[in-house]
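A short write-up of the structure that comes next.
Since we're looking at a predicted model, the values are computed, not measured. We name chains A, B, ... by the order of the sequence lines, and we start the count at 1 in each one.
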There are 2 protein chains.
Amino acid sequence: MKSNLISINDIARALGISPSTVSRALKDHPDISTETKRIVKEYAEQVNYRPNALALSLKRQRSNTLGLIIPEITHHFFSSVISGIEELAYAKGYRLIICQSNEDYNREVINTQVLLDNRVDGILISISKTTHDHGHFKDLIDSGIPLVFLDRVSEEVETDRVVTADFEGALIATSHLLETGRKRILHLASPKHLHVGRLRQEGYLKALQNYGIEPDPDLIIQCDTRLEVYQLKEEILRIAPKIDGIFAVNDFTAIAAMQILQENGSRIPEDIAVTGFGNDPIASIAYPPLTTVEQSGFEMGRQAVEILIKRIENPSTFIDFQTRVIPVSLEKRAST
Amino acid sequence: MKSNLISINDIARALGISPSTVSRALKDHPDISTETKRIVKEYAEQVNYRPNALALSLKRQRSNTLGLIIPEITHHFFSSVISGIEELAYAKGYRLIICQSNEDYNREVINTQVLLDNRVDGILISISKTTHDHGHFKDLIDSGIPLVFLDRVSEEVETDRVVTADFEGALIATSHLLETGRKRILHLASPKHLHVGRLRQEGYLKALQNYGIEPDPDLIIQCDTRLEVYQLKEEILRIAPKIDGIFAVNDFTAIAAMQILQENGSRIPEDIAVTGFGNDPIASIAYPPLTTVEQSGFEMGRQAVEILIKRIENPSTFIDFQTRVIPVSLEKRAST
DNA sequence: CTGAAAGCGCTAACAA
DNA sequence: TTGTTAGCGCTTTCAG
């Protein structure tokens, strides 16, 4: 059946009544007679009428659309975040526009503009690694649109946040290494300006402190991608004989490290025990399966949307900004 | 700086000129005097004017938005597809609304409605596994909106398609097993109604035929997820002694099969060589690293958008529907 | 119970 | 060179 985008006006004309009556009839306005309602609804059904969301949005000043800016869609953690967001947004009747920053500051700035231009009702954002200036977030706040940070948050901007228990995760992962008798633990860390990375490093340090171990600055290397592990291969192998454990800031780094160590003759976990962070699907498939910190992206996404929609739907009632911390747990596997 | 959503009318009022003059000045209409343009642009800049995309869309009958319906965002292949789509769509000035069907037919139908309601200019879709009725796709075609199928295509609907070279991929993967001397090759297959799965099975059969091997129906098991491998564990292990190779319809299935076989004492590739399909990141990390068919989701996404935008931007000029086949290649690793 | 009219923000044909 | 007006599709106040 043809359905070439009928409007309320078309229906009104066809039925010889006014557009306003059609509008009301379709939404069961009490003023309209049962008979008129029946006729209108029947006809609307027949021609497959569907309200134009664009016109509705313009009228209502509300698009029922959420915007998301995320560093990299192709990254299991982020794609689970998206999945969680999409799930709840859909259930609540919101659409989702997704922008990718590709870890590029400039693109992130443009993306915020694009979302604003499209009058999204709220924005979810996980900050790019190259973002140091947070002015564009402040502009969003100023323009009055609700904003929720996810995982990678801005500390300069006051708004709602949903984060992983990064400190605790790092603490339990490192403590686990210490409990199993490891003493010289290398930390493969993220750049300092990433809040997440800093928290994980603090968790690592705290664990050492709890066990009365003096941290050794040589045992903290900034290295948080598979590629960087290969670039820093020489350095890591040089340190290898002096260590018996590794706490890596994420699973990719952990696995790459395991691989170069194994190629170099180290046994895992006998010589060096390794833990990652994130519980990416690759962790359970790595050899040996990687002990890591489970971090639910899906749950983060859901909770972020929950907060965001609450803000959108209660614009007047002031609620304090909150930071929700999604708990983590240790997945013990054969690498430790 | 405050930027609370200024409209053209606001500017007109503030400057004491008409909205149409403002509109024209902002877009460098030749009729407008240089002086007026300067004043308008300066003011617009100052109050941080941004055109309302909703109003524009309504007026132009064109939203510059693309819709995507995809089975599961959390799946590396699909997330790379999304990434390719997002990349090119963004570059061409289009927004992207993403819907997830979660492999659920009903949700897929509703999603097509949602996208239509939002007046997207075109739709990209990869069909859910549970979709057997294709009426909703026909409705889309009837309503005149360009539609491009991605990877999992409908054969009942005539439109543009971008697909993987599934047959060839299966052919080269199976041939590779045969070349290395394997003769009894198990195929872990997708449900028959999935076109992709059927093509891969045909490629498998063709390879056998090329090598003069009679296909054995017992050596084709319908099993295409990690979970199903575990559910069919008994059956697979029962068959294991009789086979020397496996061609799995995807990498997860291949890896899960390797794992249950290894737990059961089989050596890979010595006893049984295994190939997957897709080159998921886990393939290179599996133990042993999995030989598999490289399939570029990113490239598929890009090409699908390219076709779609061409259709959108040349609605009148009739171009024949095309099916673009994205080539594949074999990634040889230690599992064969 | 129903209709006319205005307006959301923008553009474009037509007038001046 | 600029302004007036109508209209994209819908809702809603006000009138009848």
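Taking atom CD1 on A:Ile8 and atom P on D:dC8, their separation rounds to 13 Å, with Å as the unit. Rounded to a whole Å, the CD1 atom of A:Ile17 is 11 Å from the P atom of C:dA4. For the pair A:Asn9 CG and D:dA6 P, the interatomic distance rounds to 16 Å; values are reported in whole Å. Put simply, CG on B:Leu5 is 14 Å from P on C:dC8, counting in whole angstrom units. One atom, CZ of A:Arg24, and another, C1' of D:dT12, lie 7 Å apart when rounded to the nearest Å. Whole-Å rounding puts the A:Tyr49 OH to D:dG9 P distance at 10 Å. Summarising the geometry, the separation between CG on B:Asp10 and C1' on C:dC8 is reported as 12 Å, rounded to the nearest angstrom.
Side-chain contact between A:Asp10 and A:Ser7 is present, with at least one heavy-atom pair separated by less than 4.5 Å.
In the region residues 26-38 of chain B, proximity to DNA chain D at under 4.0 angstrom, judged on heavy atoms, holds for B:Asp31, B:Ile32, B:Ser33, B:Thr36. The stretch residues 50-67 of chain B touches DNA chain D through B:Leu58, B:Lys59, B:Gln61, each having a heavy atom under 4.0 angstrom from the strand.
Electrostatic pairing of A:Arg311 and A:Asp160 counts as a salt bridge here, judged by a charged N lying under 4.0 Å from a carboxylate O. Between B:Glu306 and B:Lys92 no salt bridge is recorded (no basic side-chain N to carboxylate O distance below 4.0 Å). Checked for salt-bridge contact, B:Glu72 and B:Arg152 miss the test: no charged N lies under 4.0 Å from a carboxylate O. Taking the charged nitrogens against the carboxylate oxygens, A:Glu45 and A:Lys41 have no contact shorter than 4.0 Å, which rules out a salt bridge.
Looking at A:Ser83 and A:Ser80, their side chains never bring a donor and an acceptor atom within 3.5 Å of each other. A donor-acceptor pair shorter than 3.5 Å cannot be found between the side chains of B:Gln46 and B:Glu42. Inspection of the B:Thr164 and B:Asp151 side chains reveals an N or O donor paired with an N or O acceptor under 3.5 Å.
The phosphate of D:dT2 has neither OP1 nor OP2 within less than 4.0 Å of any side-chain N or O from B:Ser18. Applying the 4.0 Å criterion to OP1 and OP2 of D:dT11, one finds that A:Ser23 has a side-chain N or O inside that range.
Here the two rings, on A:Tyr49 and A:Tyr43, have centers that are 6.0 Å apart or farther. Under the 6.0 Å cut-off for aromatic ring centres, B:His193 and B:His132 qualify, their centroids lying closer than that.
Note on ring orientation: taking the six-membered ring where Trp is involved, the planes of B:Tyr105 and B:His136 are perpendicular (angle over 60°, cut-offs 30° and 60°).
Position along DNA chain D of the nearest nucleotide to B:Thr21 versus B:Arg119 favours B:Thr21 as the more 5'-ward residue.
Across all strands shown, B:Ser7 has heavy atoms under 4.0 Å from sugar-phosphate atoms exclusively, and none from any base.
Note on the helix from C:dC1-D:dG16 to C:dA16-D:dT1: terminal axis deviation equals 60°, with five pairs used at each end and the result rounded to 10°.
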